[in-house]
Amino acid sequence: MSKAYDYAKIEKKWQDIWDEKQTFAAKDDYSLPKFYGLVEFPYPSGQGLHVGHPRSYTALDIVSRKKRLEGYNVLYPMGWDAFGLPTENFAIKNHIHPSIVTENNIANFKRQLKSLGFSFDWSREINTTDPSYYKWTQWIFLQLFKKGLAYKKKMSVNWCTSCKCVLANEEVVNGHCERCGSEVVHKEKSQWMLKITDYAEKLLEGLNDVDFIDRVKTQQRNWIGRSYGTQVKFTASTGDEFEIFTTRADTLFGATYMVMSPEHPLIEKWADKIENMEEVLAYKQEAAKKSDFERTELAKDKTGVKLEGVTAINPVNKKELPIFISDYVLISYGTGAIMAVPAHDDRDWEFAKKFGLPIIEVVSGGEDVQNAPYTECATGKMVNSGFLDGLSVEEAKKAMQKWLADNNLGCVKTNYKLRDWVFSRQRYWGEPIPVVYCEKCGYVPLPESELPLVLPNVDSYEPTDNGESPLAKMTDWVNTTCPHCGGHAVRETDTMPQWAGSSWYFLRYCDPHNDKEFASKEALEYWCPVDWYNGGMEHTTLHLLYSRFWHKFLYDIGVVPNPEPYAKRTSHGMILGENGEKMSKSRGNVVNPDDIVRDYGADTMRVYEMFIGDFEKAAPWSQSSIKGSKRFLEKVWALNEKLTDGEEYRPELEANFNRTIKKVTEDIEGLKMNTAIAALMSLLNDIQATGSITRGEYRTYLLLLNPFAPHMTEELWEICGFGGMLNEAKWPTFDESKCVDSAVEIAIQVNGKIKARINVPAEIAAPDAIALAKEDSAVAEAIGGKTVIKELYVPKKLVNIVVK
RNA sequence: GCGGGUGUGGCGGAAUUGGCAGACGCACUAGCCUUAGGAGCUAGCGCAUUAGCGUGCAGGUUCAAGUCCUGUCACCCGCACCA
C-alpha cells in the first residue's frame with residue numbers, strides 16, 4: 001500500500017531535518033568552487049510575508065539547489081533589513097519598543113520563510129538593527145567621513161510632511177514620498193550628505209563590466225545622467241564674472257538673454273544694484289514655497305522676473321544681454337545659470353515668446369524659428385555665427401570650445417544629474433550617526449573603539465514638528481565630551497536612512513560572526529563578488545545604486561577585493577492581485593502565503609509561482625490556476641506506485657529524458673522557470689502514457705524536479721530507497737547526440753501551405769524526404785499538372801515544394 | 001517631451017541564427033466513475049458551414065514572417081524645465 005501525498009506532514013518533516021543537519025550551511029572550505037546567490041533581504045513588516053517575496057526567493061532557491069547538486073559550495077543567505085519607519089510608527093501607536101516589534105516581526109517572517117522550504121543558510125542570518133551589525137555600518141560611515149565623502153551642509157531638502165523627515169532625491173516620486181505617498185515640500189535644513197557624485201563616473205563605467213539586465217543598466221545610466229558640455233564665462237555689468245553650462249556651445253551667437261536660478265548667490269550680492277529687488281525677492285519666495293508636486297504640475301507655464309539694472313556681456317560678440325531669474329533653471333544643476341538660445345531650445349523658446357525676447361537663428365535647416373524652435377543638430381549648418389558660419393553643429397561645438405579655451409573664457413565640462421545623497425533622518429529607529437559637534441573642533445568622529453554607538457532608550461519616539469530627531473530630547477545622551485579636545489560636545493541626533501544597513505549587508509554574510517572586522521579578507525576574497533543577485537526594479541536607483549557606491553568606496557580604501565559588488569543582476573515582475581491590480585489591503589486583493597501553504601502545500605506554492613508566467617513580467621495571481629500545479633505534483637507522487645526495475649531510460653523515452661535534462665538545466669540558468677516546469681509536465685505526460693516508470697527514470701525525474709519541489713522529491717527519494725538524501729546526489733547530465741528521436745514528424749508544404757504530415761527517419765537525406773513527400777496523395781493532388789520550381793527540405797522540420 | 005518595454009485563444013503564457021503558431025497549464029464542453037465532490041479518469045477545445053483565415057494595424061522582403069525591414073496605433077514602466 002502506498003502512502004498518500006500528505007504535503008503538510010512531509011514538508012514539516014524535511015524542514016526539521018534540514019534545520020537539524022544544517023543541510024544548507026555554506027562550507028568554509030575555500031578550495032571548492034563557489035556560488036554566491038543573493039536575494040534582497042526583506043523589511044520585516046507587521047503584515048508578514050507578501051506572495052511577491054517568494055517569487056524572488058524561490059527562483060534563486062532553485063538556482064542555489066541546482067548549483068549544490070552540481071557540486072558548488074553555495075552561499076544563499078537571508079537576513080533582516082529591520083530599521084525603518086513602519087516599525088517605529090507601530091511602536092509609537094502601541095507603546096511597544098521598536099526592538100520588540102522588530103523581534104516579533106522577524107519571528108513571524110522566519111516562520112513563514114521556513115514553511116516554504118528555502119535553502120537559506122540560517123547560521124549566517126543577520127539583522128541590521130543588531131548593534132554587532134550596525135557597529136560596522138557606523139564604521140563604514142566613519143571611513144566615508146575621514147575621506148571627506150560625508151559632510152554636513154545647510155540646504156534645501158525634501159521634507160515629507162507625514163513622516164516628518166527628510167528624504168533623499170531617490171525617495172521622492174512625482175513630488176510625493178516614496179514610502180507613504182504624502183506631499184513633499186522644501187525645507188532649509190542642515191543635513192549629513194554623502195558624496196555619491198564623486199562616484200558618478202565610476203558608477204557609470206562599472207556598468208560596462210557587469211551582467212545586469214539592460215533595463216537596470218539603462219535606468220541607472222539615466223539616473224546618473226551624464227552630459228558632456230562646456231562651461232562658459234560671462235561678465236555682468238557689475239563687473240562680476242559668472243559661469244553657465246551648456247551642451248550647445250555652438251549656439252553661443254544665438255544667445256539673446258540669460259537666466260539664473262532664483263537661488264543663485266549673485267542675486268543676493270547684487271541686492272543694491274538690482275532696481276526691482278523687491279519683485280525679485282517676491283518671486284524667489286514664491287518659488288521656494290512651491291512643493292515639488294506643484295513645480296512639476298506648473299512646469300508647462302514659464303514664469304520669471306527680469307533683473308533691472310544688471311546685464312551680461314556675451315563673450316563672443318560683446319552683445320549686452322538681459323538677465324532673468326526663473327525657476328526653470330535649477331540651482332542644483334550645472335552652475336545655476338544658463339545662456340538662453342530660444343531659436344534652438346524648447347524651454348528658452350517658450351520663455352522668449354512669453355516675454356517677447358528676440359529669437360535669432362544660428363543653425364539653419366529647420367522651419368522658421370519664430371514659429372518653433374529648431375533643436376535638431378545632426379544636419380543643420382551654422383549661420384549668423386561669425387567664425388562658425390558654414391560649419392556643422394558638431395564642428396562648431398569643437399571650434400567654439402577651442403576658441404573659448406584659447407581666450408580663457410571656458411572649458412569642456414561633464415555634468416551629472418545625480419545629486420549627493422541626503423543621509424540624515426529625523427527619526428528614532430535608525431543607526432545613530434557616530435559624530436559629535438564641538439564648539440572648538442567642529443564635527444568630530446567618534447573613535448572606532450567606541451563603536452557601536454548604541455541607540456539609547458527613549459521615552460518617546462514621536463517625531464517632532466520642529467524637524468528635530470526624537471533623540472534630541474535625550475539630553476543625558478546628547479551632552480558628551482569631545483574625543484578631540486575633551487571639552488563639551490553634543491552628539492548628532494539624526495539617524496541614518498534605511499538604505500545604510502542594506503548598502504553592505506551582502507559583505508557581512510561572508511563572515512557574519514566576525515567581531516574584529518566587518519568580514520575577513522579571506523572570506524571576502526573567496527565569496528565576492530555576489531554571483532547572482534535578484535531583486536525588485538524599484539530598488540534600481542535606491543538600494544542598488546547606493547550599495548554599488550559604498551562598495552566602490554570600500555574597494556578604493558582597499559577593504560574589499562572587487563570594484564563591483566554584484567556580477568549579475570536580474571529582476572522579477574510583481575505579483576498582482578487576481579483583478580490585475582497591485583495587491584493592497586485597501587483593494588482587498590491580498591493573498592496570504594500562509595493560506596496557500598496550508599491549503600496546497602509549500603511545494604505547490606513554489607511550483608505555481610514559478611509557473612505563473614515570464615519571471616520578469618508582472619503576473620496576476622490566479623487561485624484556480626494553483627490547482628494545476630497541485631495536480632502536477634500529485635501525478636508525480638502517484639508514479640511511485642508504477643515503479644519498475646531498470647536503471648536505464650526506456651528507448652522510447654531516452655531522447656525525451658535527454659531533451660528535458662538539457663531544457664531544465666538551461667532554463668534554470670536563464671530564469672525561465674515557467675518553461676522548465678512545462679517541460680517537466682510534458683515529460684510526465686509521456687511517462688504516464690506508458691503506464692509505468694523505471695527506477696532510473698524516476699531517479700532522474702526527482703532530481704530535475706527537486707529544486708522546484710524539494711520536500712516531495714526528498715520524500716519520494718527516501719520511499720524509493722535511492723540511497724542517501726537527494727540533496728547529496730548529483731545533478732543529471734544529458735547527451736546532446738541523444739536528444740533527438742530516431743523518427744520525426746515533418747510537415748509537407750506546397751507553396752508554403754501545409755498539405756500533409758509524414759514520419760521520416762531523423763537523418764533522412766533531402767532527396768529521399770522530398771520523394772517521400774511527393775508520394776502523399778494530398779501533396780500529389782496539389783502539385784498535379786503544375787511545374788515544380790523549387791523543392792526544399794529543412795531537416796527535422798518540413799518539406800516545401802514550390803509550383804507554378 | 002526623453003529613455004526602456006509590451007501587444008499572440010475566454011485567461012496565464014510557449015515558440016525569434018525566419019521553418020508545422022497556440023507547447024504547458026487554467027477555464028470551459030461532453031462522457032465515464034462515484035461513497036455525490038470545488039475529487040479522479042477519458043475525449044474535445046484559435047476563428048469559420050466549406051474553400052480558407054488567423055500573432056495590435058498598414059505595407060514590404062522571402063519558397064517560407066509572430067520572428068526581418070518601413071510606416072502606424074495602443075498600453076505599461078522609469079525620468080521629467082538637467083540647459
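Keep in mind that what you see is a predicted model, and the values were worked out from it rather than measured. Side chains are part of it too, since the values below use all heavy atoms of this structure and drop only hydrogens, waters and symmetry mates.
Partner assigned to U42(B) is A30(B), using Watson-Crick or G-U wobble distances below 3.5 angstrom. Nucleotide G12(B) is matched to C24(B) when pairs are restricted to Watson-Crick or G-U wobble geometry with both distances under 3.5 angstrom. Pairing for U49(B) is absent, judged as Watson-Crick or G-U wobble with the two contacts each under 3.5 Å. Remark: G1(B) base-pairs with C79(B). Criterion, Watson-Crick or G-U wobble with two distances under 3.5 Å. Under the Watson-Crick or G-U wobble criterion, with both distances below 3.5 Å, A58(B) is paired with U70(B).
Comparing Lys627(A) and Asp614(A) against RNA chain B, the residue whose closest nucleotide sits nearer the 5' end is Asp614(A). Both Ile754(A) and Asn751(A) lie near RNA chain B, and the one whose nearest nucleotide falls closer to the 5' end is Ile754(A).
Comparing the P positions of G44(B) and C73(B) gives a spacing of 44 Å, expressed to the nearest Å. Across the C1' atoms, C45(B) and G4(B) are found 38 Å apart, a figure rounded to whole Å. Annotation: G13(B) and U6(B) have their P atoms spaced 13 Å apart (nearest Å). When the P atom is compared between A15(B) and G25(B), the two are found 16 Å apart, to the nearest whole Å. Rounded to whole Å, the C1' atom of G59(B) lies 32 Å from the corresponding atom of G10(B). Taking atom C1' in both C28(B) and G9(B), one finds a spacing of 13 Å when rounded to whole Å. Distance noted for atom C1' between U16(B) and A64(B): 15 Å (whole Å).
Asp348(A) comes within contact range of no nucleotide atom at all, as no heavy-atom separation falls under 4.0 Å. In this structure, Leu798(A) reaches the bases: a heavy-atom distance under 4.0 Å links it to at least one base atom across the strands shown. If you check every strand for non-hydrogen atoms under 4.0 Å, Thr218(A) touches sugar and phosphate atoms only. No contact: Asp214(A) has no heavy atom under 4.0 Å from any strand. Residue Asn222(A) is classed as a sugar-phosphate contact, given heavy-atom separations below 4.0 Å to backbone atoms only. Within 4.0 Å (heavy atoms only), Asp346(A) reaches no atom of the nucleic acid at all. Note on Arg221(A): nothing from the nucleic acid sits closer than 4.0 angstrom, heavy atoms only. Residue-level contact check: Arg226(A) touches neither bases nor backbone, having no heavy atom under 4.0 Å from any strand. If you check every strand for non-hydrogen atoms under 4.0 Å, Glu791(A) touches nothing. Ser629(A) comes within 4.0 angstrom of nothing in the nucleic acid, heavy atoms only. Ala337(A) comes within 4.0 angstrom of nothing in the nucleic acid, heavy atoms only. Here Lys804(A) lies out of heavy-atom contact (under 4.0 Å) with every strand.
The closest side-chain heavy-atom distance from Phe708(A) to Phe611(A) is not below 4.5 Å. Between Phe615(A) and Asn534(A), the closest side-chain pair of non-hydrogen atoms falls below 4.5 Å.
The separation between Ile575(A) atom CD1 and G12(B) atom P is 15 Å, rounded to whole Å. With rounding to whole Å, Lys354(A) atom NZ is found 17 Å from C81(B) atom P. With rounding to whole Å, Ile748(A) atom CD1 is found 15 Å from C63(B) atom C1'. Protein atom CG of Asn579(A) is 16 Å distant from nucleotide atom P of C11(B), rounded to whole Å. Rounded to an integer number of Å, the gap from Tyr333(A) OH to A80(B) P is 13 Å. When the C1' atom of C81(B) is taken as reference, atom CZ of Arg248(A) falls 17 Å away, rounded to whole Å. In this structure, Phe632(A) places its CZ atom 20 Å from P of A39(B), rounding to the nearest Å. Distance CD1 (Ile244(A)) to P (C81(B)): 19 Å, rounded to an integer number of Å.
Summarising the local packing, NZ of Lys672(A) is surrounded by 12 or fewer heavy atoms from other residues, nucleotides or ligands at distances under 6.0 Å. Summarising the local packing, CD of Glu781(A) is surrounded by 12 or fewer heavy atoms from other residues, nucleotides or ligands at distances under 6.0 Å. Around CD of Glu763(A), the count of heavy atoms belonging to other residues, nucleotides or ligands within 6.0 Å does not exceed 12. Summarising the local packing, NZ of Lys797(A) is surrounded by 12 or fewer heavy atoms from other residues, nucleotides or ligands at distances under 6.0 Å.
Comparing atom distances between the Lys797(A) side chain and each of C79(B), C81(B), G19(B) picks out G19(B) as nearest. When distances are taken from the side chain of Ser625(A) to each of C63(B), C26(B), G78(B), the shortest belongs to C26(B). Distances from the side chain of Ala678(A) to the nucleotides G19(B), G12(B), A23(B) place A23(B) closest.
Between the CE atom in Met673(A) and the CD1 atom in Ile612(A) there is a gap of 14.5 Å [rounded to 0.5 Å].
Between Arg631(A) and C26(B), a side-chain N or O to OP1/OP2 separation shorter than 4.0 Å is present. A sub-4.0 Å separation between OP1 or OP2 of C79(B) and a side-chain N or O of Asn169(A) is absent.
Ring centroid separation for the pair Tyr257(A) and Phe351(A) comes in under the 6.0 Å cut-off.
With hydrogens and angles left out, the side chain of Lys417(A) and the base of C79(B) share no donor-acceptor pair within 3.5 Å.
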Give the C-alpha distance, both sets of side-chain angles, the deciding distance and a yes or no for salt bridge (Lys or Arg N to Asp or Glu O under 4.0 Å) between Arg569(A) and Glu40(A). CA-CA 11 Å; Arg569(A) 168 78 176 189; Glu40(A) 287 166 353; 2.8 Å; yes
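Base orientation of G9(B): syn, since the glycosidic angle falls within 90° of 0.
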